[in-house]
Amino acid sequence: MSTNDPEGQPNLLPKMVGSALREAREAKKWGVRELARRIGVSPGAIPEWEQGRRTPSPLIVARILGSLGTVGDEQERILNLALHYRLRKIVSAYPICTCRDDPDA
């Protein structure tokens, strides 16, 4: 299983998103407070996200990446991780019915 394919390991996704966000922030040489100020969140939220204890919404991830100037393949990779995680949360909250259409079956 590659690090780009977290299938079967939903707990890995928040850590992957957080790690990617931390790497992008550190590449820009911004501290936690600077990033928090620029995107309008509490400085305490950033370490929660970066350590995978919480996962920001894809909209917040996009805001972070925009503020950091992350573009191209890296932007797409990180956004896809955040979207994949959010989709898994939604699907797990609303399971698909496995009942049959034929009531006589």
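A quick note: this is a predicted structure, and the numbers were derived from the prediction, not measured. Note: hydrogens, waters and symmetry copies are ignored here, and every other heavy atom, side chains too, is used.
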Here the pair of heavy atoms bringing Val61 nearest to Pro56 is CG2-CG, 3.6 Å
How close do Pro43 and Arg33 get, counting heavy atoms only, and between which atoms?
CG-NH1, 3.9 Å
Filter on salt bridge (charged side-chain N to carboxylate O under 4.0 Å, His left out), then keep only pairs touching residues 63-73, sequence neighbours left out; what's left?
none
Taken in chain and number order and not counting sequence neighbours, the residues that satisfy side chain to side chain donor-acceptor pair (under 3.5 Å) with Arg53 are Glu48, Gln51
State, yes or no, whether a side-chain contact exists between Ile60 and Trp49 at a heavy-atom distance under 4.5 Å.
yes
Taking all atoms of both residues into account, what is the closest heavy-atom pair of Leu79 and Pro58, and its distance?
CD2-O, 3.8 Å
Residues that Ala20 engages under side-chain contact (heavy atoms from CB on, under 4.5 Å), provided they are two or more places apart:
Arg77, Ile78
Enter the distance from Ile39:CD1 to Glu34:CD here, rounded to the nearest 0.5 Å.
11.0 Å
Distance col, row Leu81:CG vs Thr55:OG1, nearest 0.5 angstrom, shows 10.0 Å
Is there a side-chain contact between Leu65 and Leu21, using heavy atoms and a 4.5 Å cut-off?
yes
Taking the side chain as every heavy atom from C-beta outward, state whether Met16 and Tyr85 have any atom pair closer than 4.5 Å.
no
Judged by atom type as modelled, is there a donor-acceptor pair below 3.5 Å linking the side chain of Ser92 to the main-chain atoms of Lys89?
yes
Checking Glu76 now: which residues fulfil salt bridge (charged side-chain N to carboxylate O under 4.0 Å, His left out) with it, not counting sequence neighbours?
none
My understanding is that only residues two or more places apart in sequence, or in another chain, count here; which of them pass side-chain contact (heavy atoms from CB on, under 4.5 Å) with Leu59?
Ser57
How close do Gly44 and Pro47 get, counting heavy atoms only, and between which atoms?
O-CD, 3.4 Å
First locate atom CD of Gln75, then atom CG of Asn80, and finally report the distance between them rounded to the nearest 0.5 Å.
10.0 Å
Can you pull out every salt bridge (charged side-chain N to carboxylate O under 4.0 Å, His left out) where at least one residue sits in residues 18-28? Sequence neighbours excluded, please.
Arg25-Glu50
